[in-house]
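Heads up, the thing below is written out as structure tokens.
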Amino acid sequence: MADFTHVYDAPPPGANADWTVPQKWDAFSADEHAMWDRLFARQSEMLPGRACDAFMRGIDVLKLEKPGIPDYRELNERLKSATGWQVVAVPGLVPDDVFFDHLANRRFPAGNFIRTPEQLDYLQEPDVFHDVFGHVPMLADPVFADYMVAYGKGGLRSLGFGALHKLARLYWYTVEFGLIEEPAGLRIYGAGIVSSYGESIFCLDDPSPNRIRFDLLRLMRTEYRIDDYQQNYFVIPSLEHLLKVTIETDFAPLYAQLESLPDIPIADILPDDDVITRGTQAYAYAKAK
Ligand code: PHE
Ligand code: FE
């Protein structure tokens with residue numbers, strides 16, 4: 001996940017100027033590879049019928065079912081021939097401009113560590129399982145691949161408008177927590193969901209969250225939470241729609257407009273919303289007590 005809140009001033013010792021580090025695949029221990037396998041088995045058993053077509057295809061095309069943490073030398077060959085993207089290793093979260101520059105150049109930075117057994121269900125910084133299992137299958141889809149490039153360029157541009165805070169919501173509610181309406185029903189494409197066992201079930205089956213059809217301006221007014229399951233999911237009709245709307249819209253006037261519009265409290269539904277599910281918010285309210 002990228003929550004765009006961390007500030008660093010320089011790459012740590014051993015890292016390159018663009019914050020990348022060698023993956024050192026051979027240095028992962030048997031326990032670390034076993035942790036990947038455990039997470040992979042748990043997710044891949046549950047995701048058919050939940051994850052979208054593009055995600056399932058990505059797992060296949062990239063041969064992610066091969067046991068162990070993927071070796072980027074192999075993974076990148078497949079990913080590169082699919083969409084020109086590459087995965088690069090980084091020590092952890094990187095500064096916003098560095099992150100966007102990588103995306104704009106078809107490089108996805110992945111945290112070069114894996115969670116411990118105590119962190120099976122929750123961790124604060126994205127690890128290699130979230131970054132590779134969650135994000136990389138979608139990067140093998142040509143439309144989504146182009147969306148992520150456009151987002152990187154848009155991210156760099158947003159810095160000049162001081163509008164990253166608004167644009168970050170687009171990343172959050174699409175790349176991390178997006179749902180898509182497919183002929184067979186609602187499906188997941190967001191990396192924050194597909195890499196989480198609990199949220200992969202919650203986001204589709206639980207009556208608690210709102211599920212609202214995607215509207216760019218509405219979405220960029222909506223607060224989000226980073227500490228628990230989402231209270232809203234925004235649902236796109238197709239990846240093509242997401243790409244088209246975001247590349248055809250000049251965000252500069254949108255950022256200006258957003259400055260005069262109030263943020264929308266996290267669980268509110270507006271009269272103009274195209275609502276698929278009006279959530280009970282029971283899950284969030286029970287936790288708040
Ligand atoms: N069209 C956006 C802009 O003018 C760039 C962008 C594309 C942002 C895709 C996000 C996603 O800034
Ligand atoms: Fe992520």
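Whatever order the structure lists them in is the order used to number ligands and atoms, beginning at 1.
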* **Taking atom 11 (C) of ligand 1 as the reference point, the nearest protein heavy atom with its distance** => T246 CB, 3.6 Å

* **Electrostatic pair K66-D37, nearest N-O below 4.0 angstrom** => no

* Asked: Looking at atom 5 (C) of ligand 1, what's its closest protein heavy atom, distance included?
  -> G154 CA, 3.7 Å

* Give a yes or no on whether a salt bridge exists between R221 and D268, defined as a side-chain N under 4.0 angstrom from a carboxylate O. => no

* For D250, the ligand 1 atoms whose distance to one of its heavy atoms is below 4.0 Å -> 4 (O)

Identify each donor-acceptor pair in which a side-chain atom of residues 236-245 lies under 3.5 Å from a protein atom, sequence neighbours left out, and give them as a table.
unit_1	atom_1	unit_2	atom_2	d
S238	OG	H241	N	3.0
K244	NZ	E248	OE1	3.2
K244	NZ	E248	OE2	3.2

* To do: Look at atom 2 (C) of ligand 1 and say which protein heavy atom is nearest, naming residue and atom and giving the distance to 0.1 Å.
  => F251 CD1, 3.2 Å

* Structure fact -> Honestly, for L170 the part within reach of ligand 1 (heavy atoms, under 4.0 Å) is side chain

* Heteroatom distance test (Y255, ligand 1): nitrogen or oxygen, under 3.5 angstrom -> no

* Asked: Hey, would you say the F202 and Y197 ring centroids sit under 6.0 Å apart?
  -> no

* Asked: Are side-chain N/O atoms of S29 and D31 paired as donor and acceptor at under 3.5 Å?
  -> no

* Structure fact -> Nearest non-hydrogen protein atom to atom 6 (C) of ligand 1, with distance, is A150 O, 3.7 Å

* With R218, which of D272, D273, D274 fulfils side chain to side chain donor-acceptor pair (under 3.5 Å)? -> D273

* To do: Confirm or rule out an N/O/S atom of E176, from backbone or side chain, lying less than 2.8 Å from the Fe ion (ligand 2).
  => yes

* What's the shortest distance from atom 12 (O) of ligand 1 to any protein heavy atom, and which residue and atom give it? -> R157 NH1, 3.1 Å

* To do: Give a yes-or-no answer on whether the side chains of Q231 and R225 include a donor-acceptor pair shorter than 3.5 Å.
  => yes

